[in-house]
Amino acid sequence: MVSTGVAGFAGVMLITVGLMQILAGLTAVLGDELYVSGRAYAYELDLTTWGWTHMVIGVLAGAIGFAIVAGSTIGRLLGIFLAVLGILTNFAFLPQSPTWSLVIIGFNALVIWALFSQISEDEAV
């Protein structure tokens with residue numbers, strides 16, 4: 001069964017977030033000079049480490065997004081978990097790329113809202 005409505009939206013958004021995460025990760029791995037390191041901060045990691053972290057989260061987000069679109073209930077729960085993980089990761093990455101991180105955080109927040117509203121609709125029925 002293919003998800004429609006809010007769950008379908010959440011799945012497509014999670015796939016989009018996954019693609020954005022993969023692009024951010026590839027940029028960090030392949031083009032270290034694109035990101036400017038400012039002052040030292042608490043979550044300081046090598047850009048290659050950040051890149052691989054973003055790419056892994058992006059691939060997982062894409063796979064879970066497809067599972068949500070396919071109608072998987074466990075996919076919805078994993079989607080919420082992964083969106084929260086994406087928010088935390090991008091919050092820590094804010095000093096390196098503030099605008100891109102804020103966009104991804106906003107998209108993840110939309111995914112969480114959509115998945116929670118779908119779960120509450122399912123319980124009401």
Side-chain angles (χ1 to χ4, degrees):
M1 177 177 153
V2 176
S3 291
T4 58
V6 179
F9 168 76
V12 171
M13 285 299 292
L14 200 54
I15 293 167
T16 304
V17 167
L19 291 173
M20 293 171 73
Q21 290 275 68
I22 290 170
L23 290 175
L26 280 173
T27 304
V29 170
L30 299 177
D32 284 358
E33 64 276 352
L34 182 66
Y35 293 114
V36 178
S37 295
R39 300 168 58 180
Y41 61 100
Y43 310 110
E44 190 169 354
L45 292 174
D46 180 53
L47 280 176
T48 304
T49 305
W50 277 120
W52 283 107
T53 302
H54 282 292
M55 283 192 285
V56 167
I57 291 173
V59 168
L60 290 174
I64 292 171
F66 279 113
I68 292 169
V69 170
S72 170
T73 304
I74 192 75
R76 292 179 190 173
L77 297 174
L78 289 173
I80 292 169
F81 172 76
L82 197 69
V84 169
L85 183 64
I87 286 175
L88 294 174
T89 302
N90 281 287
F91 177 76
F93 196 64
L94 271 170
Q96 299 296 333
S97 179
T99 305
W100 191 252
S101 292
L102 287 174
V103 168
I104 296 175
I105 287 170
F107 279 13
N108 277 315
L110 279 173
V111 169
I112 293 169
W113 167 80
L115 290 174
F116 268 121
S117 67
Q118 183 65 41
I119 289 172
S120 65
E121 283 180 22
D122 289 346
E123 288 178 357
V125 172

Side chains of residues 78-92: which donor-acceptor pairs under 3.5 Å do they make with residues two or more places apart or in other chains?
{"residue": "Thr89", "atom": "OG1", "partner": "Leu85", "partner atom": "O", "Å": "2.8"}
{"residue": "Asn90", "atom": "ND2", "partner": "Gln21", "partner atom": "OE1", "Å": "3.3"}
{"residue": "Asn90", "atom": "ND2", "partner": "Gly86", "partner atom": "O", "Å": "2.8"}

* Could you tell me which residues satisfy side-chain contact (heavy atoms from CB on, under 4.5 Å) with Met20, sequence neighbours excluded, listed by chain and number? =>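 Listed in chain order: Thr16, Trp100, Val103, Ile104, Phe107.
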* **Partners passing side-chain contact (heavy atoms from CB on, under 4.5 Å) against Thr73 (at least two apart in sequence or in another chain)** =>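 With neighbours one apart ignored, the set is empty.
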Which heavy atom of [X] sits nearest a heavy atom of [Y], and at what distance?
| X | Y | result |
| --- | --- | --- |
| Leu115 | Ala10 | CD2-CB, 3.6 Å |
| Ala28 | Gly51 | CB-CA, 3.6 Å |
| Gly18 | Ala61 | CA-CB, 3.8 Å |
| Ser117 | Val6 | OG-CG1, 3.3 Å |

* To do: Report the distance from atom CD1 of Ile112 to atom CG of Leu14, rounding to the nearest 0.5 Å.
  =>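 Atom-to-atom, Ile112:CD1 and Leu14:CG are 10.0 Å apart.
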